[in-house]
Visitor: 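One structure follows; several queries about it will come next.
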Amino acid sequence: MELAKAYDPKEAEETHYKRWEESGFFKPEINQDANAEAYSIVIPPPNVTGSLHMGHALQHTIMDALTRWKRMQGYRTLWLPGTDHAGISVQRKVVEQLKKDEHKKPMDIGREEFLRRCWQWKEQYGNTITEQMRREGASVDWSRHRFTMDESLSLAVRNVFCTLYEEGQIYRGLRIVNWCPKDKTVLSDLEVKEETKKDGKLTYLKYPIKDSDKTITVATTRPETMLGDTAVAVNGDDERYKDLVGKTILLPLTNREIPIIADEYVDAEFGTGAVKITPAHDPNDYLVGERHNLEQLLVMNMDGTMNAAAGPEFEGLDRFVAREKVVEEFEKLGLLEKIDDYEVTLPICERCKTIVEPILSEQWFVKMDELRDLGLELIKKENAPHFSPEIPHAKVYTTWLENLKDWTISRQLWWGHQIPAWYDNEGNVYVARTAEEAREKAGGKELTQDNDVLDTWFSSGLWAFSTFGWNGAEPPALAGGTNVDSSAASMPPAHAGGSASDLDTFLPTDVLVTGRDIIFLWVSRMMMLTKKFTGKVAFKDCVITGTVLGKDGKPMSKSRNNGVDPIEMFDKFGVDATRIYLASIATGADIRWNDVGVETYRNFANKIWNATRFCLMNAEGAVVDHQSLMTEDADLADRWIISRLNKTALEVNKALDKYEFHTAVSLLYHFFWDDFCDWYIELVKDKIQVFTEFPSVPGSLVVHELPIVQRETRKRVLTVLEISLRMLHPFMPYLTEELWLKLPGTSNALHNAAYANAEATIMLTTFPPGDLRAIDEAAEAEMSAVIDLITKVRNIRAEMNIPTTIKFTVHIAANAAMQKVFEDNKSQILKLAKAESLVIADALDVPRASAKAVTNDAAIAVPLEGLIDFDVERTRLSNQIAKLTDEKDRLTEQLSNANFVDRAPAEKVQELRDRFAELEKQIETLNNNLEALN
RNA sequence: GCCGUCUUAGCUCAGUGGUAGAGCACUCGCUUCACACGCGAUAGGCCACAAGUUCAAAUCUUGUAGACGGCACCA
């Protein structure tokens with residue numbers, strides 16, 4: 001079987017995913033081991049409005065690598081996919097569409113029709129991201145795909161709402177909320193971001209005091225809100241204003257009189273020390289108002305225009321127009337003291353960037369006291385979730401919980417979970433799971449349902465358990481959930497006996513992989529609500545990925561135009577290269593995107609391809625055979641690569657256990673490229689590649705029948721390759737599957753016992769656990785002596801400029817044990833050092849015209865009569881001496897420090913003494929060599 | 001204002017209380033029959049700065065500077 005010269009990812013990407021999916025490899029039911037432990041991950045559901053970006057690609061890579069790794073370890077593995085209905089985003093898209101196509105507003109077509117269009121939009125465009133996940137190779141169980149507005153998940157939402165309401169944890173109330181006048185909905189604190197404006201203004205307004213010719217000056221950044229002022233507050237301890245407390249102000253532009261009050265909220269040091277109080281338009285003023293029983297006067301409409309209460313001159317004006325007009329009027333009245341430049345930080349809507357208006361409004365809230373305590377107890381007592389990286393997330397998360405305020409959950413949208421609350425004509429509220437239930441409660445009265453929907457995060461907060469069939473009403477469905485497809489139905493049940501539900505089997509989930517930005521919005525709420533409603537932890541671990549930044553080091557965004565499309569990268573470098581590059585980023589660290597990084601792994605993929613290609617070209621008479629690695633008669637190179645292979649496997653598993661994907665990738669990269677390709681394959685090349693010249697066609701090559709030893713070597717090479725591919729599979733699924741299927745001797749006989757009957761695939765083999773007993777330190781030491789030797793000889797050739805066509809003799813002086821090692825590996829040394837012969841002895845006996853070097857285990861000389869440039873050789877030797885002397889000097893200093901010798905661990909001291917002796921010896925040898933040249 | 005992170009080779013980034021690492025770029029040499037997306041050999045860092053703890057600090061502590069993040073406040 002001949003492979004193409006370079007790896008082309010396209011074909012593998014097109015064929016394997018389809019087969020994996022159709023064969024049911026992604027479903028937990030593929031696991032036939034009734035006692036298999038479960039391993040589960042739920043995906044952070046992407047918005048249906050979204051398309052794949054690098055952040056997804058990074059997170060999906062990690063989730064898929066974990067899923068594939070655990071599946072190969074024999075766990076009953078489930079990675080559950082799904083999407084989020086994304087309230088505001090979808091609503092906005094449909095509103096835009098409606099405006100563009102029909103010049104209509106939602107009100108024109110009505111709620112029912114509008115929702116129909118939302119669903120239509122979702123059906124049409126909502127699958128973009130899930131389709132892209134197939135390209136990524138994501139091994140998710142599509143039969144368990146969930147959408148936050150699925151029937152069962154919606155029922156869960158209503159039940160959670162009702163339960164919390166019945167317990168008094170959900171309430172409806174008039175509060176200052178964050179209002180987006182453009183989206184015309186309330187926002188939670190977390191959906192409000194900030195924008196600093198350097199050219200802001202602080203306006204000083206003079207308010208006349210009744211029965212006096214005095215005024216009191218207040219400063220404001222929002223002059224229009226003065227129309228809603230119901231008091232002016234000063235600090236009671238402020239001497240300047242002591243006499244004024246209790247006096248009345250004639251509020252300009254209105255016919256209202258308002259009191260001057262004393263409140264500790266006011267900081268006498270700041271501004272004028274007098275604060276206008278607008279309880280309906282400012283959260284602090286609201287609190288002051290509550291304390292002093294002030295009127296809450298709303299002067300604004302919900303679209304950001306002024307209302308009738310603002311007075312006839314202002315009614316209907318936009319808030320910013322009103323602002324200017326208020327200032328003008330004050331100026332006319334001579335009551336404008338001054339306007340200062342002032343840097344302001346404005347609250348803006350996370351999505352539409354409109355300036356958010358704090359405004360008094362009646363909304364639904366969740367009291368966070370009990371839920372907060374649940375969350376705090378989990379993180380403090382059980383370290384749940386355990387964050388990776390732990391610093392700084394564990395602390396930030398805890399601090400945030402400790403300061404948690406009530407959560408505004410109503411949204412003035414149509415698309416979403418409509419609040420299960422109904423009102424009668426008198427305004428009484430009936431919270432119920434269904435309209436019928438509400439009517440019953442109301443004694444059959446005519447009711448209308450609350451117009452608002454719930455915050456999208458309310459339903460996502462249930463994701464860890466609602467996706468597994470929990471809906472608070474019926475017992476959770478059995479394996480497969482509500483939309484099991486036919487192929488899943490033919491699978492064995494998740495547990496022996498078939499009685500366990502997904503909820504029992506897969507919750508708690510093992511790990512949640514997500515970004516920093518939604519730790520509060522989502523992670524915390526899922527922890528709290530899952531504990532509250534199932535008594536379980538939502539997930540044990542939480543991996544927080546870093547941010548993939550654009551080439552300019554800034555977060556990728558459309559406005560900066562610095563985004564990199566994962567799909568483009570897939571097309572350019574292949575899915576596997578992109579995946580393993582993303583996995584090579586340190587967990588939690590931000591990274592600037594650079595194509596060169598992906599290119600590195602594209603090259604790596606090609607290296608793997610070509611190593612396999614070479615092995616296959618020399619595979620005749622051999623198959624993958626794990627027994628071949630247990631052999632007694634293996635030579636040094638074999639013992640060494642087996643040792644390296646096992647060490648790598650052990651360390652890779654350890655790294656993955658700790659979510660250190662980058663460590664795993666680095667280990668695999670260097671094992672495969674350096675150890676396997678650069679050394680092992682080169683060392684055994686002669687043995688597995690037997691050529692002879694075909695007599696009639698000079699230069700042509702014919703493979704002979706292989707002797708047994710060589711067949712064994714071929715087996716070993718194939719087997720090491722096969723095990724390497726398995727280790728790489730979680731990161732590079734397509735390439736490894738493509739190649740694994742081509743290896744001779746691969747079949748489902750190599751599968752993990754849990755998947756014995758499944759169709760052959762690398763994804764169901766066992767992930768190499770590594771075997772401590774297979775680690776052979778002696779072989780590693782001997783091999784590194786050989787490698788050192790070869791490297792030094794190559795160095796001589798390179799620095800002395802000896803063309804490869806010239807073969808030379810290498811003289812080696814070493815102790816008896818090393819002499820044997822070099823003797824035993826003579827042919828490999830000759831080949832890789834491109835030497836003609838070796839002379840191995842106790843001491844060097846070479847002519848003056850020789851190039852020399854030392855290693856930790858040998859002294860080397862290469863006679864170069866007529867080829868040597870003595871100046872170059874002197875420089876070479878001097879450089880070597882200088883380097884070793886530097887090291888020796890450092891050691892001298894350290895070893896002559898009595899404190900060090902006394903206090904450092906004895907073995908450390910001994911280690912340095914040994915090294916010192918070694919250096920002395922080598923320096924002496926080199927000095928002798930140098931002198932011999934003169 | 002509070003909390004926190006980062007600062008390592010030209011670039012992008014790993015890393016550890018005990019001789020500083022990778023990839024790419026650079027230099028030199030290879031059309032060696034798996035791979036030029038390759039092979040071989042070099043070169044390149046007082047690990048931001050300062051003080052402290054320690055036998056030993058790039059690694060721990062504190063401070064400084066710069067970059068950045070989160071939270072709060074913003075009359």
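Everything numeric in this text was worked out from a predicted model, so none of it was measured. Per chain, numbering begins at 1; letters A, B, ... match sequence-line order.
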Visitor: Does the side chain of A:Lys908 get closer than 4.0 angstrom to OP1 or OP2 of B:rU19 through an N or O atom?
Guide: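 No, A:Lys908 has no side-chain N/O under 4.0 Å of OP1/OP2 on B:rU19.
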Visitor: Heavy atoms only, 4.0 Å cut-off, all strands: where does A:Lys607 land among base, sugar-phosphate and nothing?
Guide: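 Base contact.
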Visitor: Can you tell me if the side-chain N/O atoms of A:Trp609 get under 4.0 Å from OP1 or OP2 in B:rG38?
Guide: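 No, no such contact exists.
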Visitor: Are any of the side-chain nitrogens in A:Arg602 or A:Glu599 under 4.0 Å away from the carboxylate oxygens of its partner?
Guide: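 A salt bridge is present here (some side-chain N lies under 4.0 Å from a carboxylate O).
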Visitor: Any side-chain N or O of A:His662 below 4.0 angstrom from OP1/OP2 of B:rG15?
Guide: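 So the side chain of A:His662 is within the cut-off, an N or O lying under 4.0 Å from OP1 or OP2 of B:rG15.
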Visitor: At less than 4.0 Å, is any side-chain N or O atom of A:Asn795 found next to OP1 or OP2 of B:rU42? Yes or no.
Guide: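 Yes.
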Visitor: Expressed as a whole number of angstroms, how long is the span from A:Asn897:CG to B:rU54:C1'?
Guide: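 After rounding, the reported distance stands at 11 Å.
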Visitor: I need the CZ-P distance between A:Arg613 and B:rA34, as an integer number of Å.
Guide: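 Spelled out: CZ on A:Arg613 to P on B:rA34 is 8 Å.
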Visitor: Measuring to OP1 and OP2 of B:rA56, would you say a side-chain N or O of A:Asn899 lies under 4.0 angstrom away?
Guide: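 A:Asn899 to B:rA56 OP1/OP2: no side-chain N or O under 4.0 Å.
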Visitor: Taking B:rA72 as the reference, what is the distance to B:rG17 when you measure between their P atoms (whole Å, please)?
Guide: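 Going atom to atom, P in each nucleotide, I get 36 Å.
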Visitor: Can you tell me if A:Tyr265 touches the phosphate of B:rC74, counting only side-chain N or O atoms and a distance under 4.0 Å to OP1 or OP2?
Guide: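 Checking B:rC74 against A:Tyr265, a side-chain N or O does come within under 4.0 Å of OP1 or OP2.
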Visitor: For A:Tyr734, does the six-membered ring have the charged nitrogen or CZ of A:Arg579 within the cation-pi criterion, i.e. under 6.0 angstrom from the centroid and within 45° of the normal?
Guide: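 Output no; distance or angle outside limits.
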Visitor: Round to the nearest Å and state the distance from A:Ile591 atom CD1 to B:rC68 atom P.
Guide: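 About 18 Å, once rounded to whole Å.
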Visitor: Under a 3.5 Å threshold, yes or no: a donor from one side chain and an acceptor from the other, between A:Thr663 and A:Lys654?
Guide: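 Looking only at side-chain atoms, A:Lys654 and A:Thr663 do not form any donor-acceptor pair under 3.5 Å.
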Visitor: Of the candidate nucleotides B:rG40, B:rG38, B:rU12, which contains the atom at the shortest distance from the side chain of A:Asp678?
Guide: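 So the side chain of A:Asp678 is nearest to B:rG40.
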Visitor: Mind checking the C1' distance from B:rC37 to B:rU54? Whole angstroms is fine.
Guide: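 B:rC37 and B:rU54 have their C1' atoms separated by 49 Å.
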Visitor: Side chains of A:Val810 and A:Ile829: does their closest heavy-atom pair fall under 4.5 Å?
Guide: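 When only atoms from C-beta onward are counted, A:Ile829 and A:Val810 do not touch, as no gap falls below 4.5 Å.
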Visitor: In whole angstroms, how far is the P atom of B:rG23 from the NE2 atom of A:His670?
Guide: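 Whole-Å distance recorded here is 6 Å.
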Visitor: Can you check whether A:Arg602 has a side-chain N or O nearer than 4.0 Å to OP1 or OP2 of B:rC37?
Guide: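 No, outside the criterion.
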Visitor: To the nearest Å, how far apart are A:Tyr342 OH and B:rC74 P?
Guide: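 Those two atoms, OH and P, are 9 Å apart.
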Visitor: According to a strict under-4.0 Å criterion, is A:Arg592 in side-chain N/O contact with OP1 or OP2 of B:rU12?
Guide: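 The answer is yes; a side-chain N or O of A:Arg592 sits under 4.0 Å from OP1 or OP2.
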Visitor: From the set B:rU32, B:rA14, B:rG4, return the single nucleotide nearest to any side-chain atom of A:Lys834.
Guide: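 Between B:rU32, B:rA14, B:rG4, the one nearest the side chain of A:Lys834 would be B:rU32.
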Visitor: Partner lookup for B:rA20, please. Criteria are Watson-Crick or G-U wobble with both distances under 3.5 angstrom; report none if nothing qualifies.
Guide: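 Base-paired to nothing in any strand shown.
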Visitor: When you measure only distances, ignoring hydrogens and angles, does the side chain of A:Glu682 come within 3.5 Å of the base of B:rA34 through a donor and an acceptor?
Guide: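 Yes.
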Visitor: For A:Ile806 and B:rG29, give me the distance from atom CD1 to atom P, rounded to whole Å.
Guide: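 One finds 16 Å between P of B:rG29 and CD1 of A:Ile806, rounded.
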Visitor: For residues A:Asn594 and A:Tyr581, is any side-chain donor paired with an opposing acceptor at under 3.5 Å?
Guide: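 Checked: A:Asn594/A:Tyr581 side chains pair up, N/O donor to acceptor below 3.5 Å.
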